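Numbers here simply count residues along the sequence, with the first being 1. Owing to the predicted nature of the structure, the values given are computational and were not obtained by experimental measurement.
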Amino acid sequence: MKKKQKGFTLIELLVVVAIIGILAAVGVVAYSGYVGGAKKSAAKSHQAQIVKLVAGELKKCDLGDLKAFGEQLTCTDRYTAGKVDEAVVNMMAGEFKNPYDKTEALIDGTAMTACTDATQGDTVVDHTKGTTAGSNKVTITTCGSNATADLVTNVINIE
């Protein structure tokens, strides 16, 4: 009498491996989409937080404090071009992380006008002095991704 062997055939094993491969491929594509969306949301969230920080710190000066931005700015210097952005960058050193590149920090410079692969996730703080009284402003610009449609800009007037 012959014993019947138990186990899986080669075809059955190949079908299971193929199904697992298809599921893995679909999962990787979905995962990368979720990660990209999360990075875009994180960049926009950073933008909103920095805008609130700058507005709050400038309000301290309006309320009579002598220093703001973690002692990085003397309130009388808030009308001098370049001082507020310098203070924000110094205050945020080590705190701000670009969601696309964790080694990049907050940038002090001219506001961006377009997003590219090189600028995705970047946040730039630009403090300019206008030609008329009360026209000092801080422009905060963030690239949410590499698409120019994801460029977010906020302007805070210094009074």
Side-chain angles (χ1 to χ4, degrees), residues 1-60 67-73 78 81-129 136-158:
M1 195 157 134
K2 236 180 176 186
K3 283 186 176 181
K4 187 172 182 184
Q5 290 185 347
K6 296 180 181 180
F8 297 106
T9 66
L10 182 60
I11 299 295
E12 290 171 330
L13 291 174
L14 288 174
V15 168
V16 169
V17 169
I19 290 171
I20 290 171
I22 291 168
L23 290 174
V26 169
V28 166
V29 170
Y31 177 75
S32 65
Y34 294 137
V35 170
K39 288 178 179 180
K40 186 187 299 187
S41 292
K44 290 181 179 182
S45 176
H46 287 157
Q47 164 80 7
Q49 291 173 353
I50 292 170
V51 168
K52 289 176 185 174
L53 169 86
V54 171
E57 291 294 320
L58 288 172
K59 187 55 78 177
K60 282 183 183 179
K67 297 242 182 198
F69 297 99
E71 305 293 315
Q72 297 288 328
L73 177 77
R78 72 183 185 268
K83 291 293 187 177
V84 172
D85 50 359
E86 182 181 313
V88 173
V89 170
N90 289 338
M91 180 182 176
M92 297 296 290
E95 299 292 325
F96 177 87
K97 299 286 185 225
N98 179 333
Y100 292 91
D101 182 359
K102 299 290 185 189
T103 62
E104 288 187 10
L106 194 62
I107 300 169
D108 175 3
T110 306
M112 291 178 280
T113 57
C115 294
T116 65
D117 286 337
T119 62
Q120 63 184 358
D122 286 351
T123 298
V124 177
V125 182
D126 180 32
H127 176 204
T128 56
K129 183 176 174 87
N136 285 303
K137 64 183 179 177
V138 178
T139 305
I140 302 163
T141 310
T142 299
C143 281
S145 71
N146 59 357
T148 299
D150 289 325
L151 185 70
V152 180
T153 301
N154 291 89
V155 177
I156 300 169
N157 291 317
I158 302 174

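Contact of the Ile158 side chain with the Leu58 side chain is registered, since non-hydrogen atoms from C-beta on lie closer than 4.5 Å.
Note that CD of Gln120 and SG of Cys143 are 8.5 Å apart. Values are rounded to the nearest 0.5 Å. Taking CD of Gln49 as the start and OG1 of Thr123 as the end, the distance is 10.5 Å to the nearest 0.5 Å. Rounding to the nearest 0.5 Å places NZ of Lys137 at 14.0 Å from NZ of Lys129. Note that CG of Leu73 is 8.5 Å distant from NE2 of His127, once rounded to the nearest 0.5 Å. Atoms CZ and CZ, from Phe69 and Arg78 in turn, are 10.0 Å apart once rounded to the nearest 0.5 Å. Taken from NE2 in His46 to CG in Leu106, the straight-line distance is 10.0 Å, to the nearest 0.5 Å.
Judged purely by atom type and a 3.5 angstrom limit, Glu57 has no side-chain atom pairing as donor or acceptor with the backbone of Ala68. Under a 3.5 Å cut-off, the side chain of Gln47 and the backbone N or O of Ile140 do form a donor-acceptor pair.
When every heavy atom of Gly144 is checked against every heavy atom of Ala43, the shortest pair comes out as CA-CB, 3.9 Å. Taking each heavy atom of Met91 and Gly70 in turn, the nearest pair found is SD-N, 3.9 Å.
Put simply, the residue from Val138, Thr139, Asp126, Thr141 that forms a side chain to side chain contact (heavy atoms under 4.5 Å, CB included) with Val155 is Thr139.
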Check your understanding: Asp150 and Lys44: side chain to side chain contact (heavy atoms under 4.5 Å, CB included), yes or no, with the steps?
Key -> CA-CA 9 Å; Asp150 289 325; Lys44 290 181 179 182; 3.6 Å; yes

Exercise for review: In sequence, state the C-alpha distance, the side-chain angles, and the governing distance for Val125 and Met92, and then conclude on side chain to side chain contact (heavy atoms under 4.5 Å, CB included).
Suggested key: CA-CA 11 Å; Val125 182; Met92 297 296 290; over 6 Å; no

Check your understanding: Is there a side chain to side chain contact (heavy atoms under 4.5 Å, CB included) between Val88 and Val54 once you walk through the steps?
Key -> CA-CA 7 Å; Val88 173; Val54 171; 3.7 Å; yes

Could you give the side-chain donor-acceptor pairs of residues 107-118 under 3.5 Å, partners two or more places apart or in another chain?
| from | atom 1 | to | atom 2 | distance (Å) |
| --- | --- | --- | --- | --- |
| Thr116 | OG1 | Ala118 | N | 3.2 |
| Thr116 | OG1 | Thr119 | N | 3.4 |
| Thr116 | OG1 | Thr119 | OG1 | 3.4 |
| Asp117 | OD1 | Asn146 | ND2 | 2.6 |

